[in-house]
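What's counted below: heavy atoms across the whole structure, side chains too, no hydrogens, waters or symmetry copies.
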Amino acid sequence: MRDMLRRWAVDTSQVKDKSAWTVPAKKKEEGLMRKQSFLMAGLLVLSSMAATQVARAQESMVVDIPFAFVAGNATLPAGEYRVQKLDGNSAVLLIHCWDANASALVITNAAQAKELQTESKLVFNRYGNRYFLSQVWAAGSIRGRQLPISPREKEMPQLARNETKGEVTLVARLFTVRP
C-alpha cells in the first residue's frame, strides 16, 4: 500500500509548474488589494459622515420671533434670534438675541419626527398671549430637540382656563458659523 502511495505522490521540488499546487502569488496580491480597497472605501464613507456631522454642528438657525417667549427658565423679548447646539452632540441649546443682547441656555431632550423636516423651525406652545418654546427642528432631518415643560408652563393651563391654547410654528433659516 505504501508503495502505491509513493508512486502517486508527487515531489513538488521536481515539478516545474508549481502553480498547480500552490495559490499563485498574483491571486494572493489581488485578494489583498481587494481587501485594502474595501477598507479604504469604508474609511472614506466614515470620514465623510464625520465631516457632515461636524458641519451640521457648526450650523445654527436664525429666526425672527415677533413676541416675547419663555425658553427654559428665561423670559426673552421679541427679536431676531440665533439658535444652535452648544456643541455637536450636546443636548444644550444656546438661544441668543442680537438686538436685545438676551440669551438663554436650555437643556433639551431628543425628539424624532415620522418624516424628514422640509423646513427649519421653532415650535411654541401658546396660552393666550404667553409663548413657550417647545421644539426645535432642522430641515433635512427627522431628529429635533424637545424642551421639557417648565414649571411656569405647567401653571398656565390653570391660569388661562378661558384663553385658548395653541401652537405657533416659526420658520427659521440656516446660518453657517465660520470659525
**Q.** Residue pair V136, K121: steps toward the side-chain contact (heavy atoms from CB on, under 4.5 Å) verdict
**A.** CA-CA 6 Å; V136 177; K121 60 187 174 185; over 6 Å; no
Q | Minimal non-hydrogen separation, A78 against P66, with atom names | A | CB-C, 3.7 Å
Q: Mind checking the NZ-CD spacing from K114 to Q112? Nearest 0.5 Å is all I need.
A: 11.0 Å
Q | Hydrophobic cluster membership, L76 vs V123, 4.5 Å side-chain cutoff | A | no
**Q.** S150 versus V70, closest heavy-atom pair with distance
**A.** OG-CG1, 4.5 Å
Q.
If you count heavy atoms of other groups shown closer than 6.0 angstrom to CG of N109, is the number above 12?
A. yes
Q: Decide yes or no for E80 and I65: does some side-chain heavy atom of the first lie under 4.5 Å from some side-chain heavy atom of the second?
A: no
**Q.** Rounded distance (nearest 0.5 Å) linking atom CZ of R130 with atom CD of E153
**A.** 10.0 Å
(Q) Centroid separation under 6.0 Å, is that true for the rings of F69 and F132? (A) no
Q) Measuring from L133:CG to Q146:CD, what's the distance to the nearest 0.5 Å? A) 9.5 Å
Q: Side-chain contact test, heavy atoms from C-beta onward, threshold under 4.5 Å: evaluate it for V106 versus V92 and give yes or no.
A: no
Q. Has L116 got more than 12 heavy atoms of other residues, nucleotides or ligands less than 6.0 Å from its CG?
A. yes
Q.
Can you confirm whether S134 sits close enough to N125 that some side-chain heavy atom of one is under 4.5 Å from a side-chain heavy atom of the other?
A. yes
**Q.** W98 reachable from V63 in the ILVMFWY side-chain graph, under 4.5 Å edges
**A.** no
Q: Say whether, by atom type as modelled, one donor and one acceptor occur between the side chain of R82 and the main chain of S60 under 3.5 angstrom.
A: no
(Q) I need the minimum non-hydrogen distance between A71 and A104, along with the two atoms involved. (A) O-CB, 4.4 Å
Q.
Less than 4.5 Å apart, side chain to side chain, heavy atoms only: is that true for L122 and M61?
A. yes
Q | Close side-chain approach of F67 to F124, heavy-atom, < 4.5 Å | A | yes
Q | Minimum-distance pair of heavy atoms, taken over all atoms of A111 and W137 | A | CB-CH2, 3.8 Å
Q) Is any side-chain heavy atom of I95 closer than 4.5 Å to a side-chain heavy atom of Q84? A) no
Q. For A102 and Y81, which heavy atoms make the closest approach, and how far apart are they?
A. O-CE2, 4.4 Å
Q. Under 4.5 Å between any side-chain heavy atoms of L93 and K85, yes or no?
A. yes
Q) Counting N and O atoms only, with roles assigned by atom type, does the side chain of T108 sit under 3.5 Å from a partner on the main chain of A91, one being a donor and the other an acceptor? A) yes
**Q.** Nearest non-hydrogen partners of Q135 and L147, listed with the distance
**A.** N-CD1, 4.4 Å
